[in-house]
Amino acid sequence: MDILQKLFEMTAFGELISNPLSILMLLLAFVLLYLGIAKKFEPLLLIPIAFGVLLANFPGGGMAVIPDTEINQISHKTIIEIAKDHGIMNMLYYMLIKTGLLPPLIFMGVGALTDFGPMLRNLRLAFFGAAAQIGIFTVLIGATLLGFNLKEAAALGIIGGADGPTAIYTAIKLAPHLLGPIAIAAYSYMALVPVIIPMVVKVMMSEKEIKINMKEQDKLYPHKREIKNMKALKIVFPIVLGTVVALLVPSSVPLVGFLLFGNLVKEVGSDTNRLFTAASETIMNTATIFLGLTVGATMSADTFLESQTLYIVLGGFLAFVISIAGGITAAKVYNVFNKKKINPLIGATGLSAVPMASRVANDIALKYDSKNHILQYAMSSNISGVIGSAVAAGVLISFLS
Amino acid sequence: MDILQKLFEMTAFGELISNPLSILMLLLAFVLLYLGIAKKFEPLLLIPIAFGVLLANFPGGGMAVIPDTEINQISHKTIIEIAKDHGIMNMLYYMLIKTGLLPPLIFMGVGALTDFGPMLRNLRLAFFGAAAQIGIFTVLIGATLLGFNLKEAAALGIIGGADGPTAIYTAIKLAPHLLGPIAIAAYSYMALVPVIIPMVVKVMMSEKEIKINMKEQDKLYPHKREIKNMKALKIVFPIVLGTVVALLVPSSVPLVGFLLFGNLVKEVGSDTNRLFTAASETIMNTATIFLGLTVGATMSADTFLESQTLYIVLGGFLAFVISIAGGITAAKVYNVFNKKKINPLIGATGLSAVPMASRVANDIALKYDSKNHILQYAMSSNISGVIGSAVAAGVLISFLS
Amino acid sequence: MDILQKLFEMTAFGELISNPLSILMLLLAFVLLYLGIAKKFEPLLLIPIAFGVLLANFPGGGMAVIPDTEINQISHKTIIEIAKDHGIMNMLYYMLIKTGLLPPLIFMGVGALTDFGPMLRNLRLAFFGAAAQIGIFTVLIGATLLGFNLKEAAALGIIGGADGPTAIYTAIKLAPHLLGPIAIAAYSYMALVPVIIPMVVKVMMSEKEIKINMKEQDKLYPHKREIKNMKALKIVFPIVLGTVVALLVPSSVPLVGFLLFGNLVKEVGSDTNRLFTAASETIMNTATIFLGLTVGATMSADTFLESQTLYIVLGGFLAFVISIAGGITAAKVYNVFNKKKINPLIGATGLSAVPMASRVANDIALKYDSKNHILQYAMSSNISGVIGSAVAAGVLISFLS
Amino acid sequence: MESTLSNALILMVIGMISVFIVLLVVVMGGSILINFINKYYPESVISQVSNSKDSLVSPKIMAVLTAAVLQATGGKGHIDEVLKK
Amino acid sequence: MESTLSNALILMVIGMISVFIVLLVVVMGGSILINFINKYYPESVISQVSNSKDSLVSPKIMAVLTAAVLQATGGKGHIDEVLKK
Amino acid sequence: MESTLSNALILMVIGMISVFIVLLVVVMGGSILINFINKYYPESVISQVSNSKDSLVSPKIMAVLTAAVLQATGGKGHIDEVLKK
Ligand code: NA
Ligand code: NA
Ligand code: NA
């Protein structure tokens, strides 16, 4: 009987009975896997995150990320000690996530996969990437009213930036204990952009506005200049852009700097093909796996199953909606004062969630007028929305960390 | 003359004379390189391991892994201090191997390269992956009789699991001072499977048994069901399998969890292609280089040239033989009680050593009857043997570490 | 007004005004970017280095590498503490560069991309890789006369080895505070080899010497043997070469050992294709990005804008020139004593700077005689020059660190 | 020493029981899973393309290569698969 | 609590002003840049090939494949781009 | 200062001697190796395929491409090598 008892003690069932909430977390993991696999919600991130949740919540598996406290002093241990005392998942988390390393590295890959061409061709529309950051700050204010402290509220608001690495980086810096739900909310709502944007558009835009045809406007009020040397422009632009952003908001350098370095090695071309491959494939793919698994592994029953999580889910949704509405409003205001009209859908895509938001906006426009292709225009505010939220993150980190 | 003396002191010859056993280790490295390159013994692992032995045993090269002791306290140093005091090979070893990081990462790649299809098609045969773990525990008992302590004996026995990352992971956790010879024994005997399996089969199986034709048996006693949606099954299976194993033997989660995550990102398909590439190429190839070099570098003359090494070489061989015999016996016992016969070669492949063991079993069957293709059947117990030894490793680590 | 002041304080302009030398560093970064992108000066290294300079010198960006001092004790902090206190660029620098890890890893990739075939076919010419290391030691002596201490002087001299990873590795070990300018000088002069070699050749070689036709010499004084089994030779050679170098100059093992391991996994062929891919692509590309960015980030105004930097720039140039002249002289001396003449251009390529130097030498020879193809001959001394400077680095590190 | 041996024996019993139970549950669980999917999801609804370890080329290139080979061989040749070397 | 709210409001003002200023400078700076390059470097002098995220094959292979397809389709087919799967 | 200079000189002597000795041993050792392999292993027994830095495509694809080009050029064209861009 001794052996049977030892056998039972070895299994996870004892702990599972004494800590039944773990079962809820396992169910959550299955739901997230279902969303990622069958519903194709940002599978590249949601599947590893979900698997991380799964691994972390097997009792006795030793794969859960343990918060850094005054008592355990984890963040003062060497990584060898962390691995020994708390396992490899904590080692990976404290080395790659807690240090803030992976989000900039992923941003480097994002940069290497971003084409600033559409933004340069319609440069003025890039300005609409600004208004669509209003959701971040509105929800920040709302969250403080609900009792979140400023750092937590800022991490919650940044979900409205609709950009995964930016949200994760900000959460790491300001509220690491909320990292899991914030990451999941950010990626889930990005996956739900095809639902959220049409919803807001329906409420806020008239059919006439949706039918504003950007190409016709371009013909009525033509551009004064063409771009003669796109190749040179695309190489110089990330350098200049990086310098401008770095001087104005230095705390955004880790994100924006790596983004633009990735873009530079892409645009330079064959001379830096090895760096491009490293940035856009090797480093990015590897970083994505480790980011997903470790972020998922931060979610245990006692931190996740709290009212805060509910607020994050709600607040994240509101942040998305308000950002979209802000972008639309900005375009409408612009149209009041200008002859050359802008389709307010271009404002909505200032949200970022590249390139999904642009595709959704284009689909809406085409639904009302099958000749109204706005994709190239939407991409301009869409990409500048990434810069916009990275700047917003920089401001928040600069004042709060 | 002063200069000539300084020149001589700079070379390795002085140390080589005062420590002539290093020469034996260099010769061992050359033999291992010969086996890996010319005899194609698991070249992906044996060549880096051999080169690691070479690098570590050049006197004055500073590339030998130094054991962690009470005095040097290496595993409490930061990795920067380790690199400064003991060089980059120790840095890599303590960061990647001592922490137990690389074997799970390699298992993730193994999972991404594993197809559970043959196992799912012949699910019952998977049960024979259990009996073939008996070599592990038999040799464990034998080793304790020879004076090894329990941890060392377990690390020795796990060679019989016939799975590289599992053996290395267990050795790291239970007996890191035996890591080198255990890794070499494991990979060498896996390479020798085409010799070992026929040897055991010759002794234990009759010609009649070898000629048992699985396909004919299937026709005589047909399957009741077919698999209608293999794609969905292959996606859900790793999730369910992972959950089952994790709940029953939580300490096997680092191995089995990563194995099944790798398999999942493979089966999900194009949506997670980036993760699949990272798991099966980027991470796995890189991990293999560093695992091989650092494991090789643990072998210095004073730790390797001991009687223990001889016991490991002998014990590892016995573990292989007993595991194969165990698998064959289990199939024979099954045949006594069932009308539908199983070719005991299917039991032998429960050893694991995927996919070499299956190919060898298939070749033996074909030699006696050129129509008796058993590869697909053998793959079922073969793959389940990987799970089996990972579970055995989990049990050993759970009770002994 | 309070808000405007906060806004201004957030930007980098305040610091830029109080520390205007940063602007010079930003301009330097732009110049380096221009050289790398438009002038194609070793773009794979110079572009990341330049971007690293840029990132490090944005005031408030927190991306500058901070020197290790008695007071801040950075190299005794854990990497998690370094990331927290000094940001991710310092984390990467102290983990990957200060430990000396990346140069050997890049050397592994260099080895995997090196073909020893031309060297084996013209083995005697390999000897001329020795004479062309004289620039290293001449400039070392000169630098001590200018007041550099021995370690700094050695790091300065090693620029004349004309090999990036070797120069960086030596600088890390002997004079990390000079790493940035040394790396830039090394890569810039390697890019300027098409200017420097013709310059030295013009002064030192007569037209008659330039026209020495190696193929005709081979016909006049034919080789006694042919290589019957190049495949086997190429596999055994890196192992033997590594053993020889390691026994003679053990301190060069981290560089030469990894170089030859990379070469071995290339030559073994398809059996180790995964390791070859890891060495020549995955690891090398990733290491190149991080090496470039972090080396660039070591350069801040107060360390770079000193007279030392000027001496490094001048000394590096002299080291290149003297090395080339040494190689040419050695060949001339050889020709005095031998009937079979050697084109002294083969001596010049002993410098290394593979394969640029060989191409330049070939172009010079072809300019004077359109049938005088010397590329294959030049590659022999060219590749042995890499070994030569790695050995020189080993000697310097062995005596000075 | 004796206790070491008895511990080793206990480990063997527990270890082999664990392995048998796990694989039994895997076989049974897998069987239930197959029946469940056969019953409720008999046809695949999600993307059919799985990451194969061996496929070197995209379907598009494959089609081109196939066309080229067909043409080059006068319709006799064909390609089944393009494997990594 | 009140001070938290006022700080949140200040953050909103500073944050939105920052975002607007940055994007304004980006738009204006980009515009100056376009004019500058149009004026002084109207034609590209540096290598034309840019790293595309989608290009799987080198121009050389591309040419070969194009030739093969042209031949195979009797001159009717063509390839625009070979994309990663 | 003087001792620094003399140390520098000693370093030069030791360094250059080392480099010369190493390369001498490499040349001589390599020569012995060539003779040894020529004598005892004149023909290759191990796999012929070496990892080339330049080969982008597998032999199989290479064959297909060659066939395609031959066909497309009426037997006039050929491919020597497919290089990475
Ligand atoms: Na945004
Ligand atoms: Na096994
Ligand atoms: Na050199």
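Proteins come first, then strands; the chains are lettered A, B, ... in the order of their sequence lines, and each starts at number 1. This is a predicted model, so every value here is computed, not measured.
Heavy atoms only, all atoms of each residue included: A:Glu267 and A:Thr114 are closest at OE2-O, 4.4 Å. The two residues A:Leu351 and A:Ser323 make their nearest non-hydrogen contact at CD1-CB, 3.7 Å. Looking at every heavy atom in both residues, A:Met108 comes nearest to A:Ile283 through CE-CD1, 3.7 Å. Taking both residues in full, the closest heavy atoms of A:Ala392 and A:Phe137 are given as CB-CZ, 3.9 Å, listed atom of the first, atom of the second, then distance. When every heavy atom of E:Leu23 is checked against every heavy atom of A:Ala130, the shortest pair comes out as CD1-N, 3.3 Å. Considering all non-hydrogen atoms of both residues, A:Ala153 and A:Thr144 come closest at CB-CG2, 3.7 Å.
Chain E is approached within less than 4.5 Å, heavy atom to heavy atom, by A:Met119, A:Leu120, A:Leu123 from residues 115-123 of chain A, ordered by number.
Neither the backbone nor the side chain of A:Ala390 comes within less than 4.5 Å of any heavy atom in chain E. At a 4.5 Å heavy-atom cutoff, the contact between A:Leu400 and chain E is made by side-chain atoms alone. Residue A:Ser280 does not touch chain E at all, counting heavy-atom pairs closer than 4.5 Å. For A:Leu241, the part lying under 4.5 angstrom from a heavy atom of chain E is the side chain only. Within the 4.5 angstrom heavy-atom criterion, atoms from both the backbone and the side chain of A:Ala126 approach chain E. With a 4.5 angstrom heavy-atom cutoff, A:Phe399 touches chain E only via side-chain atoms. Contact annotation for A:Thr138: both backbone and side-chain heavy atoms come within less than 4.5 Å of a heavy atom of chain E. In this structure, the portions of E:Leu11 lying under 4.5 Å from any heavy atom of chain A include both its backbone and its side chain. With a 4.5 Å cut-off on non-hydrogen atoms, A:Leu248 touches chain E through its side chain but not through its backbone.
Residues A:Thr349 and A:Ser381 have side chains that bring a donor and an acceptor to within less than 3.5 angstrom of each other. A:Asn382 and A:Ser358 form a side-chain donor-acceptor contact under 3.5 Å, judged by distance and modelled atom types alone.
For the set A:Asn149, A:Leu150, A:Leu140, the entry with the most heavy-atom pairs within less than 4.5 Å of chain E is A:Leu150. Among A:Leu125, A:Ile134, A:Val245, the residue with the largest count of heavy-atom pairs under 4.5 Å with chain E is A:Ile134.
Between A:Phe107 and A:Tyr169, the ring centre distance reaches or exceeds 6.0 Å.
Within the 4.5 Å cutoff, side-chain heavy atoms of A:Phe237 are placed close to those of E:Val26.
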Exercise for review: Check the pair A:Tyr334, A:Phe128 against ring-ring contact (aromatic ring centres under 6.0 Å, His included), reporting the backbone distance first and the verdict last.
Suggested key: CA-CA 10 Å; A:Tyr334 177 93; A:Phe128 291 94; 5.7 Å; yes
